[in-house]
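This report concerns only the one structure given below.
Fair warning: this is a prediction, and the values are worked out from it, not measured in the lab. Whatever order the structure lists ligands and atoms in, that order sets their numbers, starting from 1.
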Amino acid sequence: MLRGRDLLSVADLSPEELRQVVALAQEMKRRRYAGERVIPLLRGKTVALIFQKPSTRTRVSMEVAVLELGGFPLTFNWSELQLGRGEPIKDTARVLSRYVDAIAARVYRHGDLEEMAKYADVPVINLLSDREHPLQAIADVMTIVEKKGRVEGLKVVFVGDGRDNVAHSLILAVTMLGGNMVVASPRELRPDPAIMKLAEEYAAASGGSIEVVEDPREAVRGADVVYTDVWVSMGEEEVAERKRSLLRGYQVNAELMRLAKRDAIFMHCLPARRGEEVTEDVLEGPWSVVWDQAENRLHAQKAVLAFMLGG
Ligand code: CP
Ligand code: NVA
């Protein structure tokens with residue numbers, strides 16, 4: 001499973017594969033807590049990590065994941081490679097394929113990842129694009145399973161920009177696993193129709209559901225999970241003011257959280273902008289599982305890499 005394949009979207013996994021990755025991620029976590037950090041399934045293998053935009057969690061958790069699997073991570077900024085001087089992606093992909101066992105990249109344009117995957121002879125992994133953030137969603141459903149025991153049948157509400165990369169991947173992962181996904185977003189920021197179509201297919205097969213509404217209060221009522229992300233993503237600086245004004249009524253604050261189930265959890269991929277999409281009291285309060293969620297990036301990525309490249 002997953003061996004030799006690209007991971008550009010959650011849709012590159014079958015529901016069964018997503019379940020298996022989550023199960024292995026949980027095992028990786030248990031073993032790490034029991035003192036077994038190093039599980040050398042990638043012994044001698046090298047993974048290139050290329051970043052066109054900043055990163056804290058993804059970069060560090062991927063480097064540690066590769067190292068703890070006995071492999072070697074090589075991290076680059078896009079601009080320090082010849083890519084920054086205009087060497088074509090297709091040339092870079094073919095050359096790197098002669099040196100490394102996988103290429104992982106964080107890019108502005110999802111199409112650039114598709115171009116990389118088309119020309120690379122090794123698997124290409126999406127570390128976030130303008131369209132999706134699949135590794136985040138894998139850690140997110142792992143976190144929901146850890147906190148709630150399952151995704152199936154739960155009401156998972158994303159509040160904010162429905163076209164957000166993190167939202168897109170979450171929509172796919174939750175509907176794949178039989179969750180009831182609700183997106184609360186302004187009419188102008190509804191999820192991409194292609195993502196919606198996939199989510200509808202997953203929901204029909206899994207017994208889950210997908211719904212987009214405008215009113216965050218209506219959406220959050222009875223929620224098991226409330227999730228949000230920044231209003232202005234990396235690369236959206238030019239439309240920042242427009243997005244802030246569209247999303248003004250979509251802040252996750254204590255008043256909104258009180259409409260959710262009493263034992264609801266609050267999730268955020270981080271980094272968060274306190275006072276904008278979420279208030280300090282929610283982020284730091286009893287609902288919040290964001291630190292465990294961030295930690296789970298490491299365990300989830302160890303699982304993904306083990307399936308993709310493991311010996
Ligand atoms: N959540 C996430 O991907 O964070 P970074 O931008 O710090 O990698
Ligand atoms: N939507 C955010 C996620 C950051 C992890 C962005 O793309 O900037």
Side-chain angles (χ1 to χ4, degrees), residues 7-10 25 47-66 73 75-78 104-113 125-144 158-173 183-186 189-192 195 225-244 246-247 250-252 266-274 276-278 283 288-302 304-305:
L7 181 57
L8 304 191
S9 163
V10 170
V47 180
L49 306 170
I50 305 174
F51 290 88
Q52 218 177 20
K53 341 185 205 188
S55 171
T56 297
R57 281 144 288 270
T58 305
R59 174 177 172 169
V60 178
S61 61
M62 278 300 275
E63 288 190 3
V64 173
V66 174
T75 300
F76 308 100
N77 289 317
W78 190 275
R106 168 168 287 196
V107 299
Y108 285 103
R109 289 192 302 267
H110 191 78
D112 284 351
L113 275 178
I125 304 172
N126 180 359
L127 299 179
L128 180 150
S129 67
D130 54 351
R131 186 177 170 77
E132 269 201 64
H133 196 0
L135 296 178
Q136 179 71 53
I138 294 169
D140 294 342
V141 290
M142 173 194 176
T143 306
I144 296 173
F158 182 92
V159 179
D161 176 5
R163 293 183 322 190
D164 180 82
N165 41 16
V166 168
H168 278 167
S169 292
L170 184 73
I171 289 167
L172 297 178
V183 178
S185 60
L189 297 175
R190 291 168 67 89
D192 184 301
I195 296 282
V225 178
V226 179
Y227 199 123
T228 193
D229 187 12
V230 289
W231 289 347
V232 182
S233 285
M234 294 180 278
E236 292 191 321
E237 291 73 19
E238 274 176 24
V239 291
E241 279 323 304
R242 182 168 171 269
K243 290 198 74 185
R244 285 202 178 92
L246 283 172
L247 289 162
Y250 290 81
Q251 183 186 68
V252 178
F266 169 74
M267 299 179 71
H268 192 309
C269 56
L270 304 179
R273 280 186 63 115
R274 289 165 166 83
E276 205 161 284
E277 77 277 5
V278 61
L283 192 69
S288 177
V289 299
V290 299
W291 316 115
D292 292 335
Q293 181 186 357
E295 175 187 326
N296 286 341
R297 297 290 306 277
L298 169 61
H299 312 299
Q301 286 153 200
K302 283 172 86 171
V304 168
L305 289 165

Among all protein heavy atoms, pick out the one at the shortest distance from atom 7 (O) of ligand 2; state its residue, atom name and that distance to 0.1 Å. N165 ND2, 2.8 Å
Numbered in order shown, the ligand 2 atoms found under 4.0 Å of a heavy atom of D164 are 1 (N)
Under a 3.5 Å distance rule, please check whether T228 uses its side chain to pair with a backbone N or O of V159 as donor and acceptor. yes
Among protein heavy atoms, which lies nearest atom 3 (C) of ligand 2, and at what distance? D229 OD2, 3.5 Å
Side chain, backbone, both or neither: which part of D130 has a heavy atom under 4.0 Å from ligand 2? neither
Where the side chain of E236 meets the backbone of S233, is there a donor-acceptor pair that is under 3.5 Å apart? yes
R242 atom CZ, neighbour heavy-atom count above 12 within 6.0 Å: no
Look at the side chain of Q251 and the backbone N and O of E277, then say whether any donor-acceptor pair between them is shorter than 3.5 Å. no
For L128, counting its heavy atoms only, list the atoms of ligand 2 lying under 4.0 Å from any of them. 3 (C), 4 (C), 5 (C), 7 (O)
If a pair satisfies salt bridge (Lys or Arg N to Asp or Glu O under 4.0 Å) and one of its residues is in residues 130-140, list it, with sequence neighbours excluded. R131-D192
Donor + acceptor pair across side chains of S129, R106 (<3.5 Å): no
Does the K302 side chain pair with the main chain of A65, one donor and one acceptor, at a distance under 3.5 Å? no
Between S61 and L298, is there a donor-acceptor pair closer than 3.5 Å when you use the side chain of the first and the backbone of the second? no
Is the closest N or O pair between S233 and ligand 2 shorter than 3.5 Å? yes
Is ligand 2 under 4.0 Å from a heavy atom in the side chain of L270, in the backbone, in both, or in neither? backbone
Hey, are E63 and R59 close enough for a salt bridge, meaning a charged N less than 4.0 Å from a carboxylate O? yes
Under 4.0 Å from ligand 1 - residues by heavy atom, chain and number: S55, T56, R57, T58, R106, H133, Q136, C269, L270, R297
Residue pair H268, Q293: steps toward the side-chain hydrogen bond (donor to acceptor under 3.5 Å, both in side chains) verdict: CA-CA 8 Å; H268 192 309; Q293 181 186 357; over 6 Å; no
Protein residue, atom and distance nearest to atom 8 (O) of ligand 2, heavy-atom basis: M234 N, 2.8 Å
